[in-house]
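Following: one structure in structure tokens, then a few remarks.
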Amino acid sequence: MVRQREVAVRGALGAGRWRIMQQFMAEGLLLSSCGAVIGLGLALLAVKLFAGAMKHHLPFPVATAPDWRIVAALLSLTVVSAIVSSIWPAWMSAHAPIEPALKQGGLQAGSARGQNRMRSVLVMVEIALSLTLLVGCGLLLRTLYALRHVPLGFRTDHIIVANLQIPGYKFAGQNMTNNLYVPLLERARHLPGVQAAGLMTEVPLGGTFNIHLELKMDASQAKDGKSSKVVSLLKAATPELQQVFGFKMLAGRFFNQQDTPSSQPVFVVNRTFAREYSPDQQDLSKVIGMKLWHLTPDKDAEIVGVLDDMRQSAVAEPSVPEIEASISQITPESGIYKTMEGIAMDIAVRTDRDPKVMIPELREVLRQADPALAGSNFTTMDQVVEDSFGSQRLAAHLLEIFGGSALLLCVTGLYGLLAYVVSQRTRELGVRLALGARRGDLLWLVMRQASVMLVCGVVIGLGLAVASGRVVRSYLYGVSARDGWTLGLVALVLMVAGLLAAYLPARRAALVDPMEALRAE
């Protein structure tokens with residue numbers, strides 16, 4: 001629009017319409033290509049920043065190096081965006097009448113009301129789409145906040161966890177508890193700074209190895225008086241694990257040193273199990289003393305304790321029935337011995353020392369127990385919990401990038417449009433001042449135009465955000481897809497950012513010198 005007089009001069013000197021359109025489209029392609037190069041760099045940086053999270057939480061591998069298909073798609077989008085963004089203004093410029101544009105004052109005359117309205121509509125659409133992305137980002141950030149405040153049922157501080165890579169073939173025909181786990185725990189307990197150390201087939205939220213089990217319940221203990229099946233998660237643990245994680249016992253006891261292969265087989269269950277299978281729903285302690293089929297043939301196990309519920313596989317998922325067996329009572333004669341002790345086992349250590357110092361010492365202890373264990377994966381329990389937020393956290397970070405970029409585009413688009421409008425209306429503003437208008441009136445004139453676009457864009461954006469809430473619904477926890485606080489806060493942020501962007505050209509309009517404005521042309 002600013003270059004209409006230039007285009008008119010070119011046309012008067014013999015340039016054809018197609019030639020003029022080619023020039024504008026070439027300029028659009030150059031701008032789009034520069035944007036594509038910058039965008040590719042930012043995208044690769046984002047991929048490297050989130051490479052770890054994507055590796056653990058996406059169902060397919062993502063390479064950090066650019067793939068030729070992605071680059072080809074980017075180049076195609078670059079060409080398409082250049083054509084789409086250039087062809088309309090190029091067409092308008094090439095077909096604009098030459099004579100009015102060559103006249104003095106033609107610069108203002110070329111800005112038609114319909115074209116101004118079209119620009120305003122584009123800015124409103126930009127505002128609406130920005131708000132939609134920002135609402136999705138806000139909902140996911142609120143989800144992360146809610147997840148971080150969910151009671152986990154166990155302590156996470158000062159705990160180091162190692163996922164043991166068990167060389168089961170080396171212990172074929174042996175009792176791994178006596179030959180591997182007991183000596184290993186003994187060495188770990190004697191390390192400086194170790195307060196407690198224990199073993200478990202899978203630590204809470206570990207996501208390594210789950211065992212689902214069906215056990216038979218005695219007909220005399222079943223709710224309906226008939227023999228029934230008990231479906232539950234099955235884990236094995238050592239007595240020291242309660243000192244490590246600080247599990248809360250609701251009734252009965254946890255395992256102790258008296259639970260040996262020759263003693264009465266015992267189980268500890270969680271609150272959900274007791275609520276599901278206890279004969280008295282009001283008194284969960286009634287589940288204590290119930291008999292269940294044990295892992296060792298021809299032996300029934302007695303439930304001796306009820307644990308409070310813990311988050312098992314994900315923070316956002318409720319607890320399911322869980323049975324815990326004592327590792328010392330699982331012998332090679334047990335039908336599930338190889339699965340539980342020969343494949344999956346985690347060691348958890350509570351210590352007051354820095355993990356960076358403690359982990360090398362623990363790794364050396366594992367190496368002494370068996371060289372194959374030295375390659376085990378170490379982490380902290382705090383990191384285990386953090387990793388369990390995986391998909392929500394990854395989606396939130398990605399939407400932070402998209403939403404922040406959209407907000408930046410929205411603000412710059414609004415600023416650019418208003419700055420252009422102010423420059424086009426310089427003479428009009430000077431005339432208004434000469435006729436007695438106050439500078440505050442000019443400030444309000446521009447701010448009012450910005451406010452109309454902002455309000456319309458926000459209203460449209462709120463409608464789009466509510467309609468698109470189902471896209472992120474599966475990632476949300478503790479917040480509705482139509483959460484009013486999030487919608488209101490995002491709308492407020494967008495309005496404030498938009499008004500700040502509009503203030504600079506509005507202030508420039510208010511400071512126009514009437515004499516210079518009237519002599520501008």
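- Residues V349 and L191 form no side-chain contact, since every pair of their non-hydrogen atoms from C-beta on lies 4.5 Å or further apart.
- Under the rule for a side chain to side chain contact (heavy atoms under 4.5 Å, CB included), the partners of Q312 that lie at least two apart in sequence or sit in another chain are L233, N270, S319, V320, E322.
- Contact check for I127 versus V123: side-chain heavy atoms found under the 4.5 Å cut-off.
- Checking side-chain atoms of Q329 against main-chain N and O of Q264 turns up a donor-acceptor pair under 3.5 Å.
- The OG1 atom of T238 sits 11.5 Å away from atom OH of Y181, with the distance rounded to the nearest 0.5 Å.
- Annotation for S232 and I323: closest pair OG-N, 3.2 Å, computed over non-hydrogen atoms.
- Among all heavy-atom pairs drawn from L241 and A348, the shortest one is CD1-CB, 4.4 Å.
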Only pairs under 3.5 Å count here: list side-chain donor-acceptor contacts from residues 363-372, not counting sequence neighbours, and write none if there are none.
| from | atom 1 | to | atom 2 | distance (Å) |
| --- | --- | --- | --- | --- |
| R363 | NH1 | A374 | O | 2.6 |
| R363 | NH1 | S376 | O | 3.1 |
| E364 | OE1 | R367 | NE | 3.1 |
| E364 | OE2 | R367 | NE | 3.3 |
| E364 | OE2 | R367 | NH2 | 2.6 |
| E364 | OE2 | Q368 | NE2 | 3.4 |
| D370 | OD1 | K170 | NZ | 3.1 |
| D370 | OD1 | A372 | N | 2.9 |

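- Judged purely by atom type and a 3.5 angstrom limit, N377 has no side-chain atom pairing as donor or acceptor with the backbone of N163.
- With sequence neighbours left out, T486 forms a side chain to side chain donor-acceptor pair (under 3.5 Å) with D483.
- Residue-environment remark: CZ (R482) stays at or below the threshold of 12 foreign heavy atoms within 6.0 Å.
- Residues I347 and M345 fail the side-chain proximity criterion, which asks for heavy atoms closer than 4.5 Å.
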Q: Under the side chain to side chain contact (heavy atoms under 4.5 Å, CB included) rule, what do W485 and R142 come out as? Steps first, then yes or no, please.
A: CA-CA 10 Å; W485 285 102; R142 287 203 61 186; 3.8 Å; yes
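- Note that CG of D387 and OG1 of T380 are 8.5 Å apart. Values are rounded to the nearest 0.5 Å.
- Ring-plane geometry between Y145 and H149 is classed as tilted, the angle between the planes lying from 30 to 60 degrees on a 0 to 90 degree scale.
- Heavy-atom minimum distance, L476 versus V472: CG-O, 3.2 Å.
- At a threshold of 4.5 Å between non-hydrogen side-chain atoms, the residues M290 and F267 do not count as touching.
- With S328 contributing its side chain and Q257 its backbone, the two residues share no donor-acceptor pair below 3.5 Å.
- Here the side chain of Y277 pairs a donor or acceptor atom with the backbone of V231 at under 3.5 angstrom.
- Although no hydrogens or angles enter the test, the distance criterion places no donor-acceptor pair under 3.5 Å between the side chain of D346 and the main chain of M200.
- Remark: the backbone N or O of M381 is not paired with any side-chain donor or acceptor of T156 at under 3.5 angstrom.
- Checked against side chain to side chain contact (heavy atoms under 4.5 Å, CB included), V182 has the following partners two or more places apart in sequence or in another chain: T177.
- No donor-acceptor pair closer than 3.5 Å links the side chain of T78 to the backbone N or O of S32.
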(Q) Evaluate Y477 against V150 for side chain to side chain contact (heavy atoms under 4.5 Å, CB included), listing each step before the verdict. (A) CA-CA 10 Å; Y477 178 84; V150 171; 3.4 Å; yes
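- With T351 contributing its side chain and G193 its backbone, the two residues share a donor-acceptor pair below 3.5 Å.
- The side-chain heavy atoms of R353 and Q195, taken from C-beta on, include no pair separated by under 4.5 Å.
- The distance from the CG atom of L487 to the CG atom of L131 is 7.5 Å, given to the nearest 0.5 Å.
- In this structure, CG in D382 is found 11.0 Å from CD1 in I160, a value given to the nearest 0.5 Å.
- Here the side chain of R350 pairs a donor or acceptor atom with the backbone of D157 at under 3.5 angstrom.
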Q: Could you check L184 against L164 for side chain to side chain contact (heavy atoms under 4.5 Å, CB included), going step by step and ending with a plain yes or no?
A: CA-CA 11 Å; L184 175 60; L164 304 184; 4.0 Å; yes
Kindly list each side-chain donor-acceptor pair under 3.5 angstrom involving residues 490-500, sequence neighbours excluded, with atom names and distances?
none

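- The minimum heavy-atom distance linking F254 with Q242 is given by the pair CB-OE1, 3.3 Å.
- The shortest distance between side-chain heavy atoms of I327 and F255 does not fall below 4.5 Å.
- Atom OG of S388 and atom CG of L147 lie 7.5 Å apart (nearest 0.5 Å).
- Summarising the geometry of L464 relative to A128, their closest heavy-atom pair is CD1-CB, 4.2 Å, with the distance given to 0.1 Å.
- How far CG of L185 is from CG of L199: 4.0 Å, rounded to the nearest 0.5 Å.
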Q: Determine, step by step, whether V79 and L75 satisfy the side chain to side chain contact (heavy atoms under 4.5 Å, CB included) criterion, reporting the C-alpha distance in whole Å, the side-chain angles of both residues, the deciding distance to 0.1 Å, and the verdict.
A: CA-CA 6 Å; V79 174; L75 293 175; 5.7 Å; no
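- Between V268 and V304 there is a side-chain heavy-atom pair separated by less than 4.5 Å.
- With a 4.5 Å cut-off on side-chain heavy atoms, L144 and L140 do not count as touching.
- Nearest approach of N256 to Q258, heavy atoms of both residues: OD1-N, 2.9 Å.
- Applying the side-chain hydrogen bond (donor to acceptor under 3.5 Å, both in side chains) rule to pairs touching residues 126-135 yields nothing, sequence neighbours excluded.
- Classification of K356 and D354 as a salt-bridged pair fails, no side-chain N sitting under 4.0 Å from a carboxylate O.
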